[in-house]
Protein chains: 2
Amino acid sequence: MRDVPTREVILREAQLCFARQGFEGTSLNDIAAGVGIRRPSLLHYFASKDAIYQQVLLDALEDWGKQVDSTRIGDLDGWELLDGVLEASFDFFRRNPEIVRIVRREALSEQSTLGEALRPYFLQAVAFFEREMAAGLFRTQDAANLVVSGYASLLTYFSDGSMLRGLLDDDPFTPNALERRFVHIRQFFRAALEP
Amino acid sequence: MRDVPTREVILREAQLCFARQGFEGTSLNDIAAGVGIRRPSLLHYFASKDAIYQQVLLDALEDWGKQVDSTRIGDLDGWELLDGVLEASFDFFRRNPEIVRIVRREALSEQSTLGEALRPYFLQAVAFFEREMAAGLFRTQDAANLVVSGYASLLTYFSDGSMLRGLLDDDPFTPNALERRFVHIRQFFRAALEP
DNA sequence: GTCTATACCGCGATAGAC
DNA sequence: GTCTATCGCGGTATAGAC
């Protein structure tokens, strides 16, 4: 085993548990068992279960934000930028299914402030579409709802993966299935946006 | 107060609690308080908390199924049928936000059999699209992924409503906002399917 | 930094009076 | 059919030894 700080191991295991079982469904025993220490030892690193969750959520949103920011670079035109963001998002969600599920669980909660935390990214996306619509590159339409549909189509495939397995009677995460999903999403947006 | 059987009142309150707080986050005390009885009295009607949940989920899927079945009637052509199903689904989800949220919570769970329960409806939808694609009415494409995107776009707006409120800094459930959302979804599908 | 021990609470479920 | 009382379990969190 590598010498990873215990605090990091705890956060990694907590992310897994919260993604799989949700906040209420996860006990400190679950996390401690995964780390290989006793329950009270967790609370040497974090003040409470809630503090662990808040840190996990914060890290998840930060990772996501970094990913989004890193793909805005470059002097790409509208179509290239759209494809780039779609592909980078798709890839990030594929590589971080735990983050997707934690975010979706959070989105289902009524008192979450997730929406406010993501608003800057949302507004940026809306502004991008409206700019390209005004420029005539994209067909004019309801940009806010377009972004919401993108969010829904991208995230749902990964958050509801185990349900999809039942629907399709097949593994939705094979390389082939993932490739088909991505081609579909890109084509879906192209069809909606072509003038 | 009307004379609704206590069993029905329990199921209605349980539906609300499970939608808002999930299975783990709901205690029998929560449900009992909403009904206006004590916790042990619940277990006079149901054997366990799990039995209550199973019944709520079953009723929800039955209501949904009835809605879907009722809109398949009529000798409509492909476009009319598509619009009809989209509108009926949208309206059903709007009127039954609790069902949407329970289903989405269930979809996030790994050991759920929800996917298998919905497979007949899924296959029916896929078959419909493939038939109309073969007939040349709809543009040929990946029908299964199209249905998944429809599921995602329709449900997410209602399941993640409180997050949308934060994203938009506005109420996503006003008549105007709902109308705009529906117009967007219909147009999104039209663009994807026009030959 | 991790442990054992423990305090304390809320949970689901049962027993039995009314 | 609803209640009070209670059981046993597992939860979070704390105290203090090593």
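Letters A, B, ... are given to chains in the order of the sequence lines, protein chains preceding strands, and every chain is numbered from 1.
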Would B:Lys66 count as a cation-pi partner of B:Phe92, with NZ or CZ less than 6.0 Å from the six-membered ring centre and within 45° of the ring normal?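 No, B:Lys66 does not lie over the aromatic ring of B:Phe92.
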Do you know the tightest heavy-atom contact between B:Ser89 and B:Leu154?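 That closest heavy-atom pairing would be CB-CD1, 4.1 Å.
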Check the distance between [N]'s [atom2] and [X]'s [atom1] and give it to me in whole angstrom.
X       : N      : atom1 : atom2 : value
A:Leu42 : D:dT14 : CG    : P     : 13 Å
B:Asn29 : D:dT4  : CG    : P     : 12 Å
B:Arg39 : D:dA5  : CZ    : P     : 13 Å

Mind checking whether [X] and [Y] have ring centres under 6.0 Å apart?
X        : Y        : value
A:Phe189 : B:Phe188 : yes
B:Tyr157 : B:Phe93  : no
B:Trp64  : B:Tyr121 : no

A:Thr156 and A:Arg104: side-chain donor and acceptor closer than 3.5 Å? yes
What I want to check is whether the side chains of B:Arg181 and A:Ser149 have a donor and an acceptor closer together than 3.5 Å.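 B:Arg181 vs A:Ser149: donor-acceptor pair found between side chains.
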For the residue pair A:Phe158 and A:Phe173, does the interplanar ring angle fall in the parallel (under 30°), tilted (30 to 60°) or perpendicular (over 60°) class?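 Correct class here is parallel.
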So B:Tyr53 and B:Phe23, would you call those rings parallel, tilted or perpendicular, with 30° and 60° as cut-offs?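 Because their plane-to-plane angle is over 60°, the rings of B:Tyr53 and B:Phe23 count as perpendicular.
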NA contact type, A:Ser27, heavy-atom cut-off 4.0 Å: base, sugar-phosphate, or nothing? sugar-phosphate
So what does B:Ile37 touch, heavy atoms closer than 4.0 Å: a base, only the sugar-phosphate, or nothing?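 Sugar-phosphate contact only - B:Ile37 comes under 4.0 Å of backbone atoms but never of a base.
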Considering residues, nucleotides and ligands other than A:Arg38, do more than 12 of their heavy atoms fall under 6.0 Å from its CZ? no
In this structure, which stretches of DNA chain C are paired as stems of three or more consecutive Watson-Crick or G-U pairs, both distances less than 3.5 Å?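 Listed by first number, the stems are C:1-18 with D:1-18.
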Residue-level proximity of residues 5-20 of chain A to DNA chain C when a heavy atom falls under 4.0 Å: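 Contacts with DNA chain C under 4.0 Å: A:Thr6.
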dist B:Arg105:CZ -> B:Arg20:CZ (nearest 0.5 Å) comes out at 11.0 Å
Heavy-atom contact window of chain B on DNA chain C, given 5' to 3' at under 4.0 Å: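 With heavy atoms of chain B under 4.0 Å away, the range is C:dC11 to C:dT14.
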